[in-house]
A.B. asks: 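Can you keep this structure in mind? I'll have questions shortly.
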Amino acid sequence: MDSAEEDSDKTTINDYQTRLLNGDGCQQESDTDSMLKPGDSSDEVKVKKSSMTREQKILFIIFGLTNLTNELTFSILAPFFPAEAAKQGATKVQVGLIFSVYSLVQFIAAPIIGKFLPTIGCRFAFICGFFVNSGCNILYGFLDRVAPGTEFLVYCILIRSIEAIGTTAFLTALMALVPNKFPDSVGQTMGNIEIFAGIGLTIGPFLGGVLYQLGGFMLPFVAIGGFSMILSLCLFFILPADNHLSEQKTGSFIHLMSIPGTWVVVFSLFIGAAALTFMEPTLSTELQQYNLTPTQVGLVFLLMGLGYTISAPIVGWIADKRQNTRTLLSFGYILAGISYLIAGPWPVLHLPNKLYLITIGVVLMYVALGCAITPTYQDLLSTVVHNGMPDVISTHSVVSGMFNSAFSLGSFFGPTMGGLLVDKFNFAVSSSIFGLLNLISAAGIIVFSLWEFRCGKGRRKTMYVAKFRVTNEDTDNLIDNENGVNSDSVERNENIDETEAPNTVMKNKLNGETAIKIN
């Protein structure tokens, strides 16, 4: 064989080994790719790629409805539950504990569920998690019938904690399924799903107040929970089954946490979630100085929800089209920081404390956070895959678990710290502190991205050693099964010098496994 043929064999084998390590050799064919057949013209391919399959349409409707009802479940409490809890002898601190325990349990449960999601299956976790969420919501409607005091508090915390576990299970499964079922439009799909979340957060308090006036404490929970229960039962018949569940392996949080890019983005997500939830216990109190009616206060919250609902799908579409998630993240956190300084307003700016200024600030703030939070999951996926983790469901699961855990911790930190800061200082100072945190987060993303992308010269890979269960036999079998390449070429490939092929896999037998070093 001449030198040209040998070079061709080496290149082919390198491609096969890289595909095996990145999970391409074992990844299931996506629904979109399965539509493409040999002989299709480029125009036909573009048309097929741009349209959703029947399964994708069903999944999108399911994801949207479940996200909508979940946010309704969370937001209907705001108009009446604190007053009802006070009637049952709960103090303000205890009411705060009832609300915050939800996010705290999610923070703990999300990485555990994400780790074992490939084993238990996305379908099982989604259906069972949503069923538990629905059942707990119905049970909440009967809490006004338990004895006041300690018994009421214990039941509230217990039901709320179980509900949080169910919610975490189905949300983690949802986020793991999106890149698996919508591989060509992860950002846009996540953004479109957030439309339903924004609608739920926007109309939830109003709907909860109306149902409470019509039927008392029980009706809001039974109505929303009953609808969710019916939807969860329907999922048994319409949610597609998991493919090759017995062959799935759990993802590695060790590999995930060894990538510096994940820490930077996750910290920013924590700040964004805290900023997003900071306004929940503080804004309505601040607006009381303007003598607004409850309807007018509700209108301000409505405008905030609309800002997030509008920005999320637009940002998701841009993220898919331009593949510039870091730019969107940086812009979002800078805009959010400025918005918080305006809404306060920050005393250093000497802005007038006017209603229109606060309204503009908080609406712009939710537009900015929609820009900052929506592309985060897509950025995490691209970062871990670029640094050597396989683009398969096990990786999607652990990334989803990390995302939900960080977001939940921020959701716990935001209202808790926000309330403490307002009590110690005032709304203006507290809002300014969160604004500065957003600006610090943006600066961290920009500085790290300049280092990671080498100021535009190309994205570097993280140096770390990871153990993948890829043996010589696995590599040989893949090569033999495609294009008839013989195993002798593999031996030649193992002798390639590292300086000649910097991204070549160096196979060193360690305890029966192959150690992979990514340069």
Side-chain angles (χ1 to χ4, degrees), residues 18 20-24 26-27 106-122 125 168-169 171-180 183 186-187 190 248-273 319 325-326 329 373-410 441 444-445 448-449 451-453 459-470 503 505 510 513-519:
T18 303
L20 183 62
L21 293 169
N22 288 338
D24 295 340
C26 59
Q27 185 175 0
Q106 283 188 310
F107 163 69
I108 298 172
I112 299 174
I113 294 174
K115 170 68 177 178
F116 296 102
L117 187 61
T119 303
I120 62 179
C122 289
T168 304
L171 284 180
T172 303
L174 184 155
M175 297 187 69
L177 284 170
V178 167
N180 191 259
V186 176
M190 291 298 298
Q248 299 290 347
K249 295 180 180 180
T250 59
S252 173
F253 269 104
I254 296 178
H255 297 163
L256 183 65
M257 302 299 283
S258 69
I259 303 173
T262 61
W263 285 95
V264 176
V265 177
V266 164
F267 174 76
S268 300
L269 175 64
F270 164 76
I271 296 298
T325 52
R326 292 289 173 84
L329 289 172
I373 294 176
T374 302
T376 300
Y377 182 60
Q378 184 178 1
D379 184 84
L380 284 171
L381 284 175
S382 63
T383 298
V384 300
V385 171
H386 177 78
N387 283 282
M389 293 187 71
D391 189 12
V392 292
I393 193 67
S394 58
T395 298
H396 305 161
S397 299
V398 293
V399 173
S400 175
M402 172 177 276
F403 179 96
N404 286 322
S405 182
F407 190 90
S408 299
L409 184 61
S441 179
I445 293 174
F448 179 80
S449 297
W451 172 82
E452 186 181 25
F453 288 88
R459 190 174 190 178
R460 68 176 82 230
K461 290 182 181 291
T462 304
M463 290 291 293
Y464 71 97
V465 176
K467 287 186 177 181
F468 291 88
R469 294 184 179 276
V470 181
N503 292 326
V505 178
L510 293 176
E513 297 180 345
T514 300
I516 315 300
K517 183 175 181 181
I518 300 178
N519 299 306

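Position 1 is the first residue of the sequence; numbering continues from there.
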A.B. asks: Between S268 (side chain only) and V264 (backbone N and O only), is there a donor and an acceptor less than 3.5 Å apart?
C.D. replies: yes

A.B. asks: Is there a side-chain contact between I259 and M389 (heavy atoms, below 4.5 Å)?
C.D. replies: yes

A.B. asks: For S397 and T172, run side chain to side chain contact (heavy atoms under 4.5 Å, CB included): C-alpha distance rounded to whole Å, both residues' side-chain angles, the deciding distance at 0.1 Å, then the answer.
C.D. replies: CA-CA 7 Å; S397 299; T172 303; 5.6 Å; no

A.B. asks: Could you measure the distance from the CG atom of L380 to the CD atom of Q378? Nearest 0.5 Å is fine.
C.D. replies: 10.5 Å

A.B. asks: Check L256 against V398 and note the closest heavy-atom contact, atom names and distance.
C.D. replies: CD2-O, 3.7 Å

A.B. asks: If every non-hydrogen atom of P390 is compared with every non-hydrogen atom of T395, which pair is closest and at what distance?
C.D. replies: O-OG1, 2.6 Å

A.B. asks: Hey, are the side chains of V265 and I445 touching, using non-hydrogen atoms and a 4.5 Å cut-off?
C.D. replies: no

A.B. asks: Would you mind reporting whether H396 and V399 have side-chain heavy atoms less than 4.5 Å apart?
C.D. replies: no

A.B. asks: Taking the side chain as every heavy atom from C-beta outward, state whether R326 and F448 have any atom pair closer than 4.5 Å.
C.D. replies: yes

A.B. asks: Quick one: are I393 and C122 in side-chain contact, heavy atoms under 4.5 Å?
C.D. replies: yes

A.B. asks: Work out which heavy atom in A173 is nearest to a heavy atom in L117; give both atom names and the distance.
C.D. replies: CA-CD2, 3.8 Å

A.B. asks: Under 3.5 Å, is there a donor-acceptor pair between the side chain of S405 and the main chain of M402?
C.D. replies: no

A.B. asks: Tell me whether Y377 contacts the main-chain N or O of M175 through its side chain, where contact means a donor paired with an acceptor under 3.5 Å.
C.D. replies: yes

A.B. asks: Can you give me the closest heavy-atom contact between A110 and T168, atom names plus distance?
C.D. replies: CA-CG2, 3.4 Å

A.B. asks: So which heavy atom on V186 is nearest to which on P179, and how close?
C.D. replies: CG2-CA, 3.8 Å

A.B. asks: What is the distance from atom OG of S408 to atom CZ of F403, rounded to the nearest 0.5 Å?
C.D. replies: 9.5 Å

A.B. asks: Starting at CG of N404, measure out to CG of L409 and round the result to the nearest 0.5 Å.
C.D. replies: 12.5 Å

A.B. asks: To check you understand the geometry: which heavy-atom pair defines the closest contact between G261 and T383, and what is its length?
C.D. replies: CA-CG2, 4.2 Å

